[in-house]
Amino acid sequence: MSANVPTREFPPLYAPTGHQRKDRLAFFHLLEKLKTQKRTGWMDNKIPNPESISDHMYRMAVLAMCSSDQGLDISKCVMMCLVHDLAEAHVGDIAPREGITAAEKSRREEEAIHNVVHDMLHDSPAALQIEALWKEYEERQTPEARFVKDLDRFEMAAQALEYEREHDASLQPFFDSSLPKVQHPEVQEWGRDLLDERQGLQSTQAGNTKQATTI
């Protein structure tokens, strides 16, 4: 006698028209730009083969999963990490040296998200979720949005240390503009560990330089 296995009922799938399906596919291809576009700050500092925008967002997402803060909606944080720079697929990674005001940068990014949500994904449930997550991150009014911003800062500092170690570079401005602004206690702890590691690396490098000059 076979056991009764409960069947799972799935909600009806979103069913776009043929035109909407083409637009959706165009969005999937647009995401490739996040994989290939290099982060401007590293390019400006002549870092060879620097990370892409999606490289940055991927590590942020995994960092979110490593948090022990039970007061946060970690699933939301992971998704927010994966969409917070989505507008850069359209507008690029705008750097301060380009002379574009914060208001203009915000306008361009809002326009890019509007294009994705309304023109490419046609207000599908997925599109509306992306829009809501992106807006929540930009507004910084929730614990999750503020936490993800701190991950953004920490991830940049971690990458700066890795580039310093790999290329014997000095990237102090990336530390100055990130870790002092971190507010979440757990990410602050990660930042202190990172700075301890950096200090140890600098001490080792100084010792090696001194030894080389005395030989």
Side-chain angles (χ1 to χ4, degrees), residues 34 37-45 47 50-89 91-97 100 102-103 105-106 108-110 112-113 129-166 169-202:
L34 298 173
Q37 184 162 318
K38 306 301 184 181
R39 298 250 286 166
T40 304
W42 310 128
M43 295 283 287
D44 288 348
N45 280 269
I47 298 296
E51 65 167 348
S52 69
I53 297 167
S54 63
D55 291 334
H56 166 65
M57 293 195 294
Y58 171 79
R59 179 153 60 176
M60 281 179 60
V62 178
L63 290 173
M65 295 173 64
C66 292
S67 175
S68 60
D69 188 341
Q70 297 182 4
L72 293 172
D73 183 340
I74 295 298
S75 294
K76 176 190 276 192
C77 292
V78 170
M79 290 188 290
M80 197 178 295
C81 288
L82 294 173
V83 304
H84 82 285
D85 278 342
L86 178 59
E88 294 181 9
V91 304
D93 183 14
I94 299 172
R97 58 139 173 98
I100 296 172
K105 179 177 182 292
S106 179
R108 293 184 187 186
E109 292 179 347
E110 286 180 8
I113 293 297
Q129 183 180 41
I130 288 171
E131 182 180 43
L133 287 164
W134 184 84
K135 286 185 175 180
E136 182 175 340
Y137 174 78
E138 289 293 310
E139 292 169 356
R140 308 276 202 283
Q141 295 300 307
T142 64
E144 285 77 14
R146 291 190 290 270
F147 173 69
V148 170
K149 182 57 184 179
D150 281 345
L151 294 182
D152 181 56
R153 294 167 174 138
F154 173 80
E155 199 287 327
M156 183 177 72
Q159 186 64 73
L161 176 57
E162 289 153 4
Y163 285 148
E164 285 187 336
R165 183 168 53 208
E166 184 177 355
S170 178
L171 298 169
Q172 185 62 43
F174 291 91
F175 296 93
D176 295 339
S177 64
S178 59
L179 296 183
K181 299 178 182 178
V182 170
Q183 299 176 11
H184 190 276
E186 188 172 31
V187 185
Q188 287 178 338
E189 181 180 68
W190 297 353
R192 288 192 294 270
D193 291 343
L194 187 74
L195 292 177
D196 287 345
E197 182 184 22
R198 186 179 186 231
Q199 185 174 7
L201 175 65
Q202 290 173 335

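Treat the numbers as computed from the prediction; the structure is a model and nothing was measured.
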Check your understanding: Can you tell if the side chain of Lys38 reaches within under 4.5 Å of the side chain of Pro50, non-hydrogen atoms only?
Key -> yes

Revision key, fill the gap. Correct closest heavy-atom pair for Leu194 and Ala158 would be CD2-N, 3.6 Å

Review point. Rounded to the nearest 0.5 Å, what separation is found between the CZ atom of Arg192 and the CG atom of Asp196?
Key: 9.0 Å

Check your understanding: Donor-acceptor pair, Glu164 side chain versus Leu171 backbone, under 3.5 Å?
Key -> yes

Practice item. Using the side chain to side chain contact (heavy atoms under 4.5 Å, CB included) rule, take Met79 and Glu144 through it: C-alpha gap first, then chi angles, then the decisive distance, then the call. Key: CA-CA 11 Å; Met79 290 188 290; Glu144 285 77 14; over 6 Å; no

Review point. Which distance, rounded to the nearest 0.5 Å, do you find between the CZ of Arg146 and the CG of Leu72?
Key: 10.0 Å

Check your understanding: In Å, rounded to the nearest 0.5 Å, how long is the span from CG of Leu82 to SG of Cys77?
Key -> 11.5 Å

Study note, to complete from the structure: Interatomic distance, NZ@Lys181 vs CG@Asp150, rounded to 0.5 Å, equals 11.5 Å

Exercise for review: Verify salt bridge (charged side-chain N to carboxylate O under 4.0 Å, His left out) between Glu139 and Lys135, making sure each step is shown before the conclusion.
Suggested key: CA-CA 6 Å; Glu139 292 169 356; Lys135 286 185 175 180; over 6 Å; no

Exercise for review: Report yes if some heavy atom in the side chain of Ile94 is under 4.5 Å from a heavy atom in the side chain of Thr40; otherwise report no.
Suggested key: no

Review point. Between Lys76 and Glu136, is the closest basic N to carboxylate O distance under 4.0 Å?
Key: yes

Study note, to complete from the structure: Tightest non-hydrogen contact, residues Val91 and Ala112, listed as CG1-CB, 4.1 Å

Exercise for review: Find out whether the Lys NZ or Arg CZ of Arg140 is both under 6.0 angstrom from the six-membered ring centre of Tyr137 and within 45° of the ring's axis.
Suggested key: yes

Check your understanding: Closest approach of Trp42 and Glu51, non-hydrogen atoms and distance?
Key -> NE1-OE2, 2.8 Å

Review point. If you look at every heavy atom in Gln37 and Gly92, which pair is closest and at what distance?
Key: NE2-CA, 2.9 Å

Review point. If we only count heavy atoms from C-beta on, is the Phe147 to Asp69 side-chain gap below 4.5 Å?
Key: no

Point to revise | Separation between CZ of Phe175 and OG of Ser170, rounded to the nearest 0.5 Å | key: 9.0 Å

Review point. CD of Glu155 to CE of Met57: how many Å apart, nearest 0.5 Å?
Key: 11.0 Å

Point to revise | Donor on one side chain, acceptor on other, Arg153 and Gln183, under 3.5 Å | key: no

Study note, to complete from the structure: Residues His84 and Asp152: closest non-hydrogen pair is NE2-OD1, 3.5 Å

Review point. Hey, are Gln159 and Arg59 close enough side-chain-wise for a donor-acceptor pair under 3.5 Å?
Key: yes

Practice item. Kindly give the heavy-atom pair with the smallest separation between Cys66 and Trp190, and that separation in Å. Key: O-CZ2, 4.2 Å

